[in-house]
Amino acid sequence: MDETVAEYIRRTVLKIPRDEIKTMLQKWGFLSETQLQTINFHQMKDNISQDVVQCCEDHSASIKQAAVLDIIYNHSYPNKRMWSVYQMNKTEEETDFFDLTDFRKKFKRHLRSALKNVTINFREYENNAIWIRIAWGTPYTKPNQYKTSYVVYHSQTPHAFISPSVLKSNLPLLCQALVVASNYQDIHEMELRSHSLNSLEDMVFKRYSQNFETYCPRPLQESTVAQESAGLRIVQENINEKERIQRVNRDTFGDGPQPKLEFAEYKLETMFTSDPKLEVLDKKEPFRCMVKFHSPHLLESLKSLAPAGMADAPLSPLLTCIPHKARNYFKIREKKGFFPGSFVSP
Amino acid sequence: GGLTPTCPLAGEWRGRMEEGKAHSLGGVFAHLEMLEARAREAAMKQAAAEQRKEQLARLEARVQELRQQRDELRAKVELQEQGQLGKRGAMSDPAQHSAQAVLEWKIRKVKSTLQVFYLTGISGKLTKQGVCFCISTAYEGTYLDSYHLDLLTEPQVRIHHHSIPIFIPLEQIAKKYLQTDIRRFLSVLSDHLNAYVGRRYQADQLQEHFSDQIEGTMQRNSLCNLLVFNYNTSSKSETFPFNARLLYGDLCCSLPTEVIVSSASDAPAALAETAAAHSDLFRRLALHKAFGS
């Protein structure tokens with residue numbers, strides 16, 4: 001077995017948390033159950049990885065098989081990578097009978113025609129998601145297995161989730177191959193980025209819980225304000241206002257969990273409005289400024305702002321439109337014309 | 001009044017006088033004073049006791065008075081209440097009953113009508129800016145997912161929000177029918193959605209209930225309009241499994257338009273006939289039903 005392959009397997013196993021190593025190796029399916037029994041999974045990770053490599057030696061694992069282990073690891077821990085969303089367009093309106101074998105063939109062929117030294121692996125998952133792992137090389141060197149790009153594509157959808165490698169120059173090639181393989185015409189990057197792949201999928205495929213007005217019996221959620229049994233003589237002075245805030249919040253955000261985003265960035269290119277006598281800025285130039293909101297879970301924290309009393313309900317539409325517009329990068333320019341104020345550019 | 005010395009005292013006095021003319025007059029007077037004081041004390045005590053008795057009697061009388069008052073008031077209140085009830089019962093009972101009953105019946109009827117609309121598959125609710133439709137899908141008696149469409153009506157009819165899966169050609173259908181014929185738009189969209197969930201249901205059922213007859217993994221896609229799989233006719237793994245390729249050309253239909261069932265190239269010829277028969281079966285019956293037969 002190639003030394004580089006052995007080293008790669010060893011390093012991949014070291015990335016996996018110790019309790020998960022056995023399950024992941026089972027999912028990988030390269031080592032038999034009897035072989036897995038021989039490995040002691042309670043020793044130090046260094047030793048576990050050495051044992052695994054030893055077992056793989058017996059079967060002469062190739063780089064393709066090692067790559068599958070890497071895909072399994074990244075599928076279990078997608079939040080370790082930063083994902084961008086890309087959108088594809090096509091003009092023809094024919095129904096697409098997405099054939100997986102066809103897709104794989106076209107993708108490989110297109111990519112390999114431009115660059116021979118690539119390792120391409122596919123793995124399909126239950127929810128029609130296709131995971132593609134690409135390790136890039138150059139015309140003169142073998143693919144670098146540690147600098148990989150990942151693409152997650154759901155069949156018959158115009159969106160792709162790409163986690164690019166450090167070698168950004170390969171990105172156009174990757175996008176082109178994707179467009180050709182999925183029968184689309186062009187591709188562009190959306191203003192949406194996050195570590196949480198599932199949340200990106202939820203937002204783009206509209207799988208999160210939006211609030212729709214219907215007559216359908218929707219189970220009413222009990223008011224979260226706890227009624228104390230001893231508080232019969234305690235009257236909440238602001239109960240009307242509190243209930244209004246809860247109602248507005250519910251209409252804006254819906255009942256269910258929000259998609260997980262870590263930040264939202266607003267680039268302002270608006271004019272600085274001040275007292276003309278102050279003459280702060282002589283030049284009539286837009287005042288460039290960037291506001292970035294960071295949070296472990298941005299949308300949940302926005303949802304809790306009004307009930308916590310830190311902001312007025314309803315919140316600014318610039319904040320609440322994030323899941324509907326499926327974007328977290330905004331450019332706000334001055335609106336020219338009759339209405340002073342700002343508008344959000346596409 | 002004071003106590004007049006009684007005979008024994010007089011006797012005692014005389015006795016004393018008799019006894020000892022030695023006692024001076026001062027001693028006698030002191031004795032008299034003492035007796036007077038004693039008498040005064042006793043009189044005062046008696047007076048106090050009598051006063052207390054009187055007060056007690058007064059208070060008791062007051063208590064009685066108050067009790068009587070209370071009883072009277074109680075009786076009055078009871079009478080009033082009874083009187084009110086009596087009034088109510090007498091005058092507005094039948095009228096109130098019927099008005100309330102009619103209202104309740106109306107509410108029940110409206111609720112059940114709304115439920116029926118929801119069950120028919122397309123229901124809607126007017127919103128501030130337009131209408132919100134709910135398309136509920138079903139396949140052969142099983143209710144599956146519901147999808148929502150929030151439409152704006154001013155200045156033109158357009159889609160505001162929706163929860164339609166992205167692989168359903170919503171824009172295409174909207175371009176064709178939304179402005180001109182909203183009923184047709186909803187009907188076509190509902191057909192697409194119902195067919196999609198029907199195809200998905202069949203594929204899911206096949207994978208769930210007949211997994212022992214399927215060899216390897218089944219290839220499908222988001223719209224479930226192309227299914228490719230290898231299968232055996234029984235749960236034992238046979239030497240020549242069949243390969244089925246089902247193409248659902250019509251997105252509004254849950255049955256395939258094209259079925260290709262083939263066996264391996266080195267399989268006996270007799271299997272080719274079976275393959276053809278299966279192909280026909282898949283074209284006519286729902287997938288999981290075809291396997292069940």
Side-chain angles (χ1 to χ4, degrees), chain A residues 29 85 87-104 122-130 152-160 182-184 200-218 251-252 254 256 320-321 323-326, chain B residues 110-111 113-115 117-119 123-136 146-150 160-173 175-176 192 196 200 204 207 217-228 245-252 257-258:
Chain A
V85 189
Q87 185 166 11
M88 300 189 278
N89 299 314
K90 64 176 168 185
T91 46
E92 52 180 58
E93 297 185 347
E94 274 175 37
T95 330
D96 181 26
F97 300 98
F98 183 84
D99 190 338
L100 190 61
T101 5
D102 206 35
F103 174 80
R104 288 160 76 141
F122 297 86
R123 195 167 167 90
E124 294 82 49
Y125 284 93
E126 284 291 300
N127 55 350
N128 299 307
I130 305 161
V152 177
Y153 178 62
H154 291 248
S155 51
Q156 294 158 322
T157 65
H159 300 278
S182 54
N183 294 321
Y184 277 85
L200 289 176
E201 287 177 353
D202 284 347
M203 274 178 32
V204 156
F205 298 142
K206 309 247 182 265
R207 293 194 305 222
Y208 64 97
S209 66
Q210 303 177 69
N211 207 37
F212 290 103
E213 289 186 46
T214 56
Y215 289 121
C216 306
R218 187 173 57 165
D251 285 342
T252 323
T320 55
C321 72
H324 300 310
K325 293 212 168 157
Chain B
V110 168
K111 273 193 181 161
T113 317
L114 288 172
Q115 182 73 357
F117 278 135
Y118 172 67
L119 291 173
S123 58
K125 177 178 191 257
L126 288 174
T127 62
K128 267 185 286 189
Q129 302 152 299
V131 193
C132 182
F133 284 105
C134 171
I135 301 178
S136 37
S146 292
Y147 302 99
H148 293 94
L149 252 183
D150 201 355
H160 187 44
H161 292 149
H162 66 85
S163 65
I164 313 271
I166 198 148
F167 38 80
I168 301 280
L170 179 64
E171 289 93 39
Q172 280 179 42
I173 307 172
K175 223 184 341 178
K176 266 198 209 161
H192 270 86
Y196 156 66
R200 190 185 65 187
D204 288 343
Q207 280 185 306
T217 48
M218 185 163 90
Q219 181 195 322
R220 43 196 285 189
N221 57 24
S222 299
L223 265 172
C224 289
N225 63 354
L226 176 64
L227 291 175
V228 182
R245 188 188 165 88
L246 279 73
L247 200 89
Y248 297 78
D250 184 3
L251 283 186
C252 291
T257 48
E258 197 184 300

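Throughout, a chain's letter reflects where its sequence line sits, starting with A, and its residues are numbered from 1. Model, not experiment: these values are computed from the prediction.
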- Between T127(B), D150(B), V228(B), which shows the greatest number of heavy-atom pairs under 4.5 Å with chain A? T127(B)
- Note on the structure: Sequence neighbours excluded, the answer for salt bridge (Lys or Arg N to Asp or Glu O under 4.0 Å) partners of K111(B) is none
- Partner residues of E124(A) under the salt bridge (Lys or Arg N to Asp or Glu O under 4.0 Å) criterion, sequence neighbours left out: R104(A)
- Task: Please check if atom NZ in K175(B) has more than 12 non-hydrogen atoms from other residues, nucleotides or ligands closer than 6.0 Å.
- Result: no
- Item | When N128(A), I130(A), T157(A) are compared by non-hydrogen pairs under 4.5 Å with chain B, the top option | N128(A)
- Name all residues meeting the ring pair (Phe, Tyr, Trp, His ring centres under 6.0 Å) criterion together with F98(A); count only those two or more places apart in sequence or in a different chain, and write none if there are none. F103(A)
- Query: How would you list, in number order, the residues of residues 165-172 of chain B that have a heavy atom less than 4.5 Å from chain A?
  - Reply: I166(B), F167(B), Q172(B)
- Message: Determine whether a donor-acceptor pair (N or O, by modelled atom type, separation under 3.5 Å) exists between the side chain of N225(B) and the backbone of D96(A).
- Response: yes
- Message: Any heavy-atom pair between the side chains of Q219(B) and D99(A) that's under 4.5 Å?
- Response: yes
- Measure across S222(B) and Q156(A) and return the closest heavy-atom pair with its distance rounded to 0.1 Å. N-OE1, 3.3 Å
- Closest approach of F97(A) and Y248(B), non-hydrogen atoms and distance? CE2-O, 3.3 Å
- Note on the structure: In this structure, NZ of K206(A) is separated from NE2 of H162(B) (nearest 0.5 Å) by 5.5 Å
- Region of L223(B) that comes under 4.5 Å of a non-hydrogen atom in chain A: both
- Message: Which atoms of R200(B) are under 4.5 Å from chain A, going by heavy atoms: the side chain, the backbone, both sets, or neither?
- Response: neither
